[in-house]
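Order of appearance sets the numbers: ligands from 1, and atoms from 1 within every ligand.
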Amino acid sequence: MTDAGTGAATLLAVEGLEARHGLLPAVRGVSLAVAEGERLALVGANGAGKTTLLRAIAGAHPVTAGAIRFAGADVTRLPAHRRVGLGIALVPEGRRLFPDMTVVENLLVAGRHGRPGPWTVDAVLDAFPLLRPLRHRRAAALSGGEQQATAIGRALMTNPRLLLLDEVSLGLAPRAVDAVYESLAHLAGATVILVEQDLGRGLAIADRVVCLLEGRIVLEGAAAALSREQVTEAYFGLVPRAP
Ligand code: ATP
């Protein structure tokens, strides 16, 4: 399967996905495809279902209907650790590091579960130079931006083919956000789905944008072809919804 626009192979295909929290439907019939090397920004207001969708793709949240195909294989019922082994890595909202372990220890723990590949502790410290002098510091003693860089590095240590980033800028000082985005911009060729509340950042880094509203996709398009106003209107539900 190839992406019609770019000719690149489809890496991830989500079809008619439904996920709930108890009785509450959080993701409602979402279908999307991500091509190899593509950067997709998932935007939407609080509670739109972005985190639930990312977690469902990673295998961290059960789905009630639909399918998730990754690199041609049906992974819908595969446990999270098996998806990591196939190349799906989630950087969760709130980072979830081991607070008493050092930066390097946090990186090494993740490396055990992933695929073989180019990412090593040294490669992560090259990608995030701010971490090199802090590599033996406990995660709990790092700033928010440093923790975020460690969390992204931890995901990279699994040598992912698809990186799922949930709210990487949440709670960070603007300069820390700049540093994290600067490093992300240098991950050339990475396939990324990025959840970002900051529309400007999301649009700037993404090739394509998907906007969720109440669990459904209400807008989808090339980032370069969408205006900020169009995305903002979809974000707040000010455009006619798909039937
Ligand atoms: P946010 O930006 O606030 O993280 P989001 O777009 O990521 O929002 P989700 O966190 O996926 O949205 O939430 C989707 C829906 O599921 C919302 O209605 C939310 O209230 C509900 N929800 C999320 N987490 C839980 C939970 N642990 N228990 C019950 N309901 C939940």
Side-chain angles (χ1 to χ4, degrees), residues 12-34 39-68 70 75-76 79-80 83 88-97 144-145 147-148 151-152 154-155 162-174 176-177 180-181 184 191-206 208-221 223 226 228 230-239 241-242:
L12 176 78
V14 171
E15 293 154 19
L17 204 73
E18 311 259 345
R20 296 172 169 267
H21 289 279
L23 291 177
L24 178 92
V27 174
R28 306 201 261 181
V30 166
S31 298
L32 56 85
V34 182
R39 288 160 189 260
L40 180 76
L42 201 54
V43 301
N46 281 343
K50 309 177 297 293
T51 295
T52 307
L53 176 57
L54 273 201
R55 286 172 48 81
I57 293 169
H61 191 96
V63 305
T64 48
I68 304 166
F70 182 69
V75 301
T76 318
R83 297 191 208 192
I88 301 178
L90 171 68
V91 179
E93 194 174 352
R95 308 183 277 269
R96 311 258 176 108
L97 297 172
Q147 288 185 6
Q148 191 63 72
I152 297 171
R154 176 181 57 184
L162 173 66
L163 190 57
L164 306 171
L165 297 164
D166 198 357
E167 303 271 13
V168 284
S169 56
L170 200 69
L172 300 188
V177 179
V180 166
Y181 270 86
L184 287 179
T191 309
V192 177
I193 303 182
L194 176 92
V195 167
E196 182 52 82
Q197 290 256 343
D198 181 334
L199 276 185
R201 300 241 182 219
L203 288 171
I205 197 167
R208 203 149 55 84
V209 177
V210 162
C211 184
L212 284 182
L213 178 72
E214 295 169 5
R216 292 195 172 90
I217 295 180
V218 286
L219 182 73
E220 184 173 2
L226 292 174
R228 221 187 139 92
Q230 278 174 300
V231 181
T232 311
E233 285 177 3
Y235 197 101
F236 291 111
L238 302 175
V239 284
R241 290 191 208 176

**Student:** Only heavy atoms of Q197, strictly under 4.0 Å: list the atoms of ligand 1 that pass.
**Tutor:** 2 (O)
**Student:** What atoms in ligand 1 come closer than 4.0 Å to a heavy atom of A26?
**Tutor:** 14 (C), 15 (C), 16 (O)
**Student:** Which of the atoms in ligand 1, numbered in the order shown and given with their element, are less than 4.0 Å from a heavy-atom of A45?
**Tutor:** 6 (O)
**Student:** Do R83's NZ or CZ and the ring of F70 fall within the cation-pi criteria of under 6.0 Å and 45°?
**Tutor:** no
**Student:** Which atoms of ligand 1 are found less than 4.0 Å from any heavy atom of E167?
**Tutor:** 2 (O)
**Student:** If you have a sec, work out which protein heavy atom is nearest atom 10 (O) of ligand 1 and how many Å separate them, to one decimal?
**Tutor:** T51 CB, 3.7 Å
**Student:** If the test is side-chain contact (heavy atoms from CB on, under 4.5 Å), which one of V195, I152, I205 qualifies with L165?
**Tutor:** I152
**Student:** Quick check on contacts: which atoms of ligand 1 are under 4.0 angstrom from a heavy atom of K50?
**Tutor:** 2 (O), 5 (P), 6 (O), 7 (O), 8 (O), 11 (O), 12 (O)
**Student:** Begin with the C-alpha distance, continue with both residues' side-chain angles, and end with the deciding distance and a verdict on side-chain contact (heavy atoms from CB on, under 4.5 Å) for L12 and I193.
**Tutor:** CA-CA 10 Å; L12 176 78; I193 303 182; 3.7 Å; yes
**Student:** Indicate yes or no: at least one non-hydrogen side-chain atom of L40 is less than 4.5 angstrom from one of V209.
**Tutor:** no
**Student:** Tell me the closest heavy-atom pair linking C211 and G44, and the distance in Å.
**Tutor:** SG-CA, 4.5 Å
**Student:** Can you sort out which atoms of ligand 1 are near E93, meaning under 4.0 Å from one of its heavy atoms?
**Tutor:** 4 (O)
**Student:** Tell me the contacting part of H21 for ligand 1: side chain, backbone, both, or neither, using a 4.0 Å heavy-atom threshold, strictly below.
**Tutor:** side chain
**Student:** Would a 4.5 Å heavy-atom cut-off, applied to side chains only, mark L90 and R55 as touching?
**Tutor:** yes
**Student:** For the CG atom of L213 and the CG atom of L219, what is their distance to the nearest 0.5 Å?
**Tutor:** 11.0 Å
**Student:** State the OG1-CD1 distance between T191 and I88, to the nearest 0.5 angstrom.
**Tutor:** 11.0 Å
**Student:** Students should be able to answer this: which protein heavy-atom is nearest to atom 8 (O) of ligand 1, and at what distance?
**Tutor:** G47 N, 2.7 Å
**Student:** Considering the heavy atoms of A48, write down every atom of ligand 1 situated less than 4.0 Å from one of them.
**Tutor:** 5 (P), 6 (O), 12 (O)
**Student:** Do me a favour and list the nearest non-hydrogen protein atom to atom 11 (O) of ligand 1 with residue, atom name and distance?
**Tutor:** T52 OG1, 2.5 Å
**Student:** Any idea which protein heavy atom is nearest atom 21 (C) of ligand 1, and the distance to it?
**Tutor:** L24 CD2, 3.5 Å
**Student:** Would you please say whether a donor-acceptor pair under 3.5 Å links the side chains of S169 and E196?
**Tutor:** yes
**Student:** For atom 12 (O) of ligand 1, what is the closest protein heavy atom, and at what distance to 0.1 Å?
**Tutor:** G49 N, 3.0 Å
